[in-house]
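In listed order, ligands and their atoms are each counted from 1.
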Amino acid sequence: MSDTCRWYPLCPMKRFFEEGRLDEKWIKEYCKGNYRECVRYRMEDEGKPHPDNMLPDGSIDKKNVLF
Ligand code: SF4
């Protein structure tokens with residue numbers, strides 16, 4: 001059964017992955033897996049701002065800068 005995060009279509013992680021800038025492990029582990037553990041997901045739910053290059057575990061991906 002598909003269990004994809006409801007934010008996936010809009011999430012910058014999807015864009016980074018499709019552009020080849022993000023390892024698929026993040027998508028598998030979080031966006032199409034245990035998304036309830038994603039820090040981005042929780043912050044979206046709480047309406048808290050967070051940078052586009054913050055990874056699902058809450059760390060900052062220095063490769064993907066904001067622009
Ligand atoms: S990074 Fe988090 S909020 Fe974004 S689609 Fe994946 S699980 Fe959802």
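Within the coordination shell of atom 6 (Fe) of ligand 1, defined by N, O or S atoms under 2.8 Å, Cys31 is present. For Cys38, every N, O or S atom stays at 2.8 Å or more from atom 4 (Fe) of ligand 1.
Remark: minimum distance from atom 1 (S) of ligand 1 to any protein heavy atom is reached at Met13 CG, 3.3 Å. Here the protein heavy atom with the shortest distance to atom 3 (S) of ligand 1 is Tyr41 N, 3.6 Å. Among protein heavy atoms, the minimum distance from atom 4 (Fe) of ligand 1 is reached at Cys11 SG, 2.4 Å.
Every atom of ligand 1 is numbered from 1 in the order shown, and the set under 4.0 Å from a heavy atom of Tyr35 is 7 (S). Using a 4.0 Å cut-off to heavy atoms of Cys5, the atoms of ligand 1 that qualify are 3 (S), 5 (S), 7 (S), 8 (Fe).
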Evaluate the criterion side-chain contact (heavy atoms from CB on, under 4.5 Å) for residue pair Trp7 and Tyr41; output intermediate values, then yes/no. CA-CA 7 Å; Trp7 303 116; Tyr41 175 87; 3.4 Å; yes
Quick one, Tyr30 with Leu55, criterion side-chain contact (heavy atoms from CB on, under 4.5 Å). Give me CA distance, side-chain angles, the key distance, then yes/no. CA-CA 10 Å; Tyr30 290 92; Leu55 292 164; over 6 Å; no
Under the criterion salt bridge (Lys or Arg N to Asp or Glu O under 4.0 Å), I'd like the reasoning laid out for Asp23 against Lys63: C-alpha separation, chi angles, the key distance, then a yes or no. CA-CA 11 Å; Asp23 197 307; Lys63 287 198 312 296; over 6 Å; no
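Residue Arg15 comes nearest to Asp52 through the heavy atom pair NH2-OD2, 4.1 Å, listed as atom of the first residue, atom of the second, then distance. Counting all heavy atoms, side chain and backbone alike, Ile60 lies closest to Pro51 at CD1-CG, 3.8 Å.
Using modelled atom types, one finds no donor on one side chain facing an acceptor on the other under 3.5 Å when comparing Tyr35 with Arg40.
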